[in-house]
Amino acid sequence: MTFTKLILTLACLMSVTLVAQVAKVTQEAKVTQLLSKDLTNVPGKEGLMITVDYPPGSSDPIHRHNAHAFVYVLEGSVVMQVRGGKQVTLTPGQTFYEGPDDVHVVGRNASDTKPAKFLVFLVKDKGAPILVPAK
């Protein structure tokens, strides 16, 4: 193989790898709001129920919810971790909890080939955003 062919081959391989990495990063989770209800006996708070659909290979940025978040896995498997906690892989029927002060450092689909879906029930300040970016 000539030097020029070698350089072109390496450039093509690097381009394919870069495109695959960009495609993986851009596969965002789909969030669907199911229910929002004021908690009348807890002034200023609301309950919010959502589903999160992770495409294969999808992951979340580091964030927090400033809420109590109760997670229940419906399909596939997801990897979750809050700062200072253990990383866990959850499958259908398993649960996860995030407190109002937790920073969610790992949230991703455990599979690069199969989708995952989970249900989240949040108890949060009325009108507050669902997710807040964190470091």
Side-chain angles (χ1 to χ4, degrees):
M1 182 179 283
T2 68
F3 182 72
T4 304
K5 285 184 181 178
L6 177 62
I7 295 299
L8 288 174
T9 302
L10 289 174
C12 287
L13 288 174
M14 289 179 4
S15 296
V16 169
T17 302
L18 180 60
V19 168
Q21 289 173 347
V22 169
K24 184 174 180 179
V25 169
T26 59
Q27 292 184 22
E28 293 184 11
K30 177 186 170 202
V31 176
T32 304
Q33 182 173 321
L34 303 174
L35 173 71
S36 177
K37 181 74 174 156
D38 289 349
L39 302 177
T40 55
N41 63 336
V42 186
K45 298 288 184 181
E46 67 182 334
L48 177 66
M49 190 178 295
I50 62 173
T51 55
V52 179
D53 289 277
Y54 276 155
S58 179
S59 64
D60 292 331
I62 296 174
H63 65 275
R64 60 185 307 129
H65 296 287
N66 298 333
H68 295 276
F70 301 87
V71 176
Y72 181 83
V73 179
L74 299 168
E75 300 171 12
S77 59
V78 296
V79 180
M80 301 276 184
Q81 181 182 11
V82 295
R83 185 166 289 142
K86 276 184 90 168
Q87 183 171 293
V88 295
T89 301
L90 306 167
T91 57
Q94 293 185 307
T95 60
F96 187 77
Y97 170 78
E98 292 178 56
D101 297 322
D102 287 332
V103 175
H104 196 154
V105 293
V106 176
R108 65 178 171 84
N109 187 334
S111 173
D112 286 332
T113 59
K114 297 178 184 173
K117 183 174 186 174
F118 54 96
L119 176 73
V120 183
F121 177 70
L122 297 151
V123 176
K124 64 183 200 62
D125 290 338
K126 185 171 171 47
I130 294 172
L131 182 141
V132 178
K135 292 182 181 185

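These numbers were taken from a predicted model, which means no experiment stands behind them. For this chain, numbers begin at 1 and follow the sequence in order.
Criterion: ILVMFWY side-chain heavy atoms under 4.5 Å apart, direct or through other members. Under it, Val123 and Val103 are not part of a common hydrophobic cluster. Placement of Leu90 and Val106 in two distinct hydrophobic clusters is found when ILVMFWY residues are connected by side-chain heavy-atom separations under 4.5 Å, directly or transitively. Linking Ile, Leu, Val, Met, Phe, Trp and Tyr residues whenever their side-chain heavy atoms come within less than 4.5 Å leaves Leu35 and Leu131 in two separate clusters. Tracing side-chain contacts under 4.5 Å through hydrophobic residues (I, L, V, M, F, W, Y), one never reaches Ile62 starting from Val52; they form parts of separate clusters. Both Tyr54 and Leu122 belong to a single network of hydrophobic side chains, linked directly or stepwise wherever heavy atoms of I, L, V, M, F, W or Y lie under 4.5 Å apart.
Take His63 and apply the ring-ring contact (aromatic ring centres under 6.0 Å, His included) test, not counting sequence neighbours, and it matches His65, His104.
With a 4.5 Å cut-off on side-chain heavy atoms, Val78 and Lys117 do not count as touching. You'll find the side chain of Leu34 reaches within 4.5 Å of the side chain of Leu119, heavy atoms only. In this structure, Leu48 and Gln33 have side chains that are in contact, with non-hydrogen atoms separated by less than 4.5 Å. For the pair Asp125/Asn66, no side-chain contact is recorded, criterion being any heavy-atom separation below 4.5 Å from C-beta on.
Between Ser58 and Ala29, the closest heavy-atom pair is OG-N, 3.6 Å. Between Pro115 and Pro56, the shortest heavy-atom distance links the atoms N-CG, 3.9 Å. Of all heavy-atom pairs between Val71 and Val120, the closest is CG2-CG2, 4.2 Å. Looking at every heavy atom in both residues, Asp102 comes nearest to Gly99 through OD2-N, 2.6 Å. The heavy-atom pair separating Ala128 from Glu46 by the smallest distance is N-OE2, 4.5 Å. Counting all heavy atoms, side chain and backbone alike, Gly76 lies closest to Pro92 at O-CD, 3.0 Å.
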Evaluation steps, side-chain contact (heavy atoms from CB on, under 4.5 Å), between Thr51 and Lys30: CA-CA 8 Å; Thr51 55; Lys30 177 186 170 202; over 6 Å; no
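The existence of a salt bridge linking Arg108 and Asp60 is excluded, since no basic side-chain nitrogen approaches an acidic carboxylate oxygen closer than 4.0 Å.
The NZ atom of Lys37 sits 12.5 Å away from atom CE of Met49, with the distance rounded to the nearest 0.5 Å. Annotation: the span from His68 atom NE2 to Asp101 atom CG amounts to 8.5 Å, rounded to 0.5 Å.
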Enumerate, atom names and distances included, each donor-acceptor pair closer than 3.5 Å involving a side-chain atom of residues 80-87, sequence neighbours excluded.
{"from": "Gln81", "atom 1": "NE2", "to": "Gly85", "atom 2": "O", "distance (Å)": "2.9"}
{"from": "Arg83", "atom 1": "NH1", "to": "Lys135", "atom 2": "O", "distance (Å)": "3.0"}
{"from": "Arg83", "atom 1": "NH2", "to": "Lys135", "atom 2": "O", "distance (Å)": "2.6"}

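Counting only distance, with no hydrogens or angles, the side chain of Asn109 and the backbone of Pro55 share a donor-acceptor pair below 3.5 Å.
Remark: of the listed residues Tyr72, Phe121, Phe70, Phe70 is the sole one forming a ring pair (Phe, Tyr, Trp, His ring centres under 6.0 Å) with Tyr97.
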